[in-house]
Amino acid sequence: MAQPKFTTHHGMVDILPDDVRKWQYLEKLIHEEAEKFNFEEIRTPIMEQTELIVRGLGQLTDIVSKEIFSFSRGDDNYVLRPELTAPVVRAYVENHLDQRGGSQKLYYIGPMFRAERPQKGRQRQFHQFGVEVIGSDDAVADVEVIAFMIHIYNKIGIKNTTLKLNSIGDPDSREKYKEALKEYLKPNYEKLSDLSKKRFEKNPLRILDSKEEEDQPFIENAPVITDYLNEDSLNHFKKVKEYLSDLGIDFEGDPYLVRGMDYYTQTAFELISPDLGAQDALAGGGRYDLLVEEIGGQPTPAVGFAAGMERLFIACEELGIKLGSEKKVDAYIVTLGDKARKWGLQTLPKLREAGISATMDYMGRSMKAQMKDANRENAQYAIIVGENELDEGKFTLRNMKESEEESLSFEKIVNKLTSQHLQQ
Ligand code: HAM
């Protein structure tokens, strides 16, 4: 085949009709289950102000320093959103959602953009679903957020996951820990990667998130943050663990889990799957009690998670889980001659009105070719119409699977197809 003239950008993929069915299945499941949890959907623009993402996520994070797609137009700086926590918080503050009362329990589904090196499970345009609960500092909120995340994977049948859990404390605890971490790293400062050297003064916690090989020996033996948590932070962490256990949700403590954005406080978690290879995080999240204020709102605690949808599908493939039903159509009208073709076109709306999915040939093909096409479209029934059928007002209804035919009036065909449809 000739090379196409135009292709998608590196790391950006088309989701083609055969694949879309599983996306629709997952999206429907998320909407249905979110409703059961009383989470409300929020939709924000694909582009945000660059400054929001820089302020929200942190200048020294990988995302901001290396991975954002940004451009300017006039005086405005645009960024393709790399995640939705900062944008949702921006929408919360800008639209005064606090005035709706109570905590805002929001969820979203949509595309995100990060200029990462593409590989299996890592794209430049990828999709997340996620939840942000804004306005509660109670461990119940942390645990409901985690429970929703696990619930979706359980519903789909992805059960061999590990929930990694940590607390990175409040600012007070974290300051003490940062000092201890710097003290520990200082003797080996020269051996750290350039990026970690940069992070050493301003944000040493980020060093724990480093992927650079030369940093790994120092990360492995670093002091752990859980030894530096103050009483409030310890209490919150204790409650989260207790409530998770009450719900029968297993977790594994990981004291080096700091996550990729600077907005986190207290609880941090990731859901890991052994079926994903190098990019093994299905989902991640945590508390971000200072972000609302950072973005210009009143001090408001919040917690959330986001999950990679492409990675969920990779896990499904590995586990042999098929999502979404196969393509099919209830009825295919097969016509012979112009009059019948016209009848077919006028009959399609009547079938659809009765709740029956229906199609016909768009290409003026022979009857034989139309039957072949009906098979290809996985039509359950063919309604075969020629001059004689039109004169008699009776049409041949062919059950494509059983290869059985009967001659019926149009009303009887509709009755039969609707009752069949209801049984499915
Ligand atoms: P994150 O860990 O950066 O967190 O992303 C969440 C999930 O998105 C990852 O676990 C992964 O499954 C997926 N993901 C991230 N980058 C890519 C990529 N390049 N290609 C494919 N999948 C990817 C956040 O985004 C936070 N906003 C989560 C959060 C919500 N924290 C609090 N609330």
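Every number for a ligand or one of its atoms is a count from 1 in the order of the listing. The figures that follow rest on heavy atoms only: side chains count, while hydrogens, waters and symmetry mates do not.
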State the atoms of ligand 1, each with its element, that fall below the 4.0 Å cut-off from a heavy-atom position in [X].
X: A306; answer: 6 (C), 7 (C), 28 (C), 29 (C), 30 (C)
X: A281; answer: 10 (O), 11 (C), 12 (O)
X: E83; answer: 25 (O), 26 (C), 27 (N)
X: G284; answer: 10 (O), 28 (C), 29 (C)
X: Y263; answer: 26 (C), 27 (N), 31 (N)
X: E132; answer: 30 (C), 32 (C), 33 (N)
X: L282; answer: 10 (O), 12 (O)
X: Y264; answer: 26 (C), 28 (C), 29 (C), 31 (N), 32 (C)

Please confirm whether [X] approaches ligand 1 to less than 4.0 Å, judged on its heavy atoms.
X: R259; value: yes
X: G130; value: no
X: R311; value: yes
X: M112; value: no
X: G260; value: no

Under 4.0 Å between a Lys/Arg side-chain N and an Asp/Glu carboxylate O for [X] and [Y]?
X: K176; Y: E179; value: no
X: E377; Y: K327; value: yes
X: E214; Y: K191; value: no
X: K28; Y: E32; value: yes

What I want to check is whether the side chains of [X] and [Y] have a donor and an acceptor closer together than 3.5 Å.
X: T265; Y: D170; value: no
X: E83; Y: T85; value: yes
X: E132; Y: Y92; value: no
X: E293; Y: Q298; value: no
X: N166; Y: D254; value: no

Nearest protein heavy-atom contact for [atom]: which residue, which atom, what distance?
atom: atom 20 (N) of ligand 1; answer: Q123 N, 3.0 Å
atom: atom 13 (C) of ligand 1; answer: G308 CA, 3.6 Å
atom: atom 24 (C) of ligand 1; answer: M261 CE, 3.4 Å
atom: atom 19 (N) of ligand 1; answer: E116 OE2, 2.6 Å
atom: atom 32 (C) of ligand 1; answer: G304 O, 3.3 Å
atom: atom 21 (C) of ligand 1; answer: G121 O, 3.3 Å
atom: atom 8 (O) of ligand 1; answer: Q128 NE2, 3.1 Å

Just how far is it from atom NZ of K182 to atom OH of Y189, taken to the nearest 0.5 Å?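 It is 10.5 Å, given to the nearest 0.5 Å.
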Between [X] and ligand 1, is there a nitrogen or oxygen pair with a distance under 3.5 Å?
X: F126; answer: no
X: E310; answer: no
X: R114; answer: yes

Are the ring centres of F71 and Y78 closer than 6.0 Å? yes
Walk me through whether Y332 and Y381 qualify under ring-ring contact (aromatic ring centres under 6.0 Å, His included). CA-CA 6 Å; Y332 191 115; Y381 287 91; over 10 Å; no
Looking only at heavy atoms, is any part of Y288 under 4.0 Å from ligand 1, and if so is it the side chain, the backbone, or both, or is it neither? side chain
So, applying side-chain contact (heavy atoms from CB on, under 4.5 Å) with K22, which one of I15, L323, I321, L312 is it? L323
Can you check which of T267, T85, L84 brings a heavy atom nearest to atom 30 (C) of ligand 1?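 Closest candidate by heavy-atom distance is T85.
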Mind telling me whether H151 and F37 have parallel, tilted or perpendicular rings, with 30° and 60° as the class edges? tilted
Parallel, tilted or perpendicular for W23 and H127, by the 30°/60° rule? perpendicular
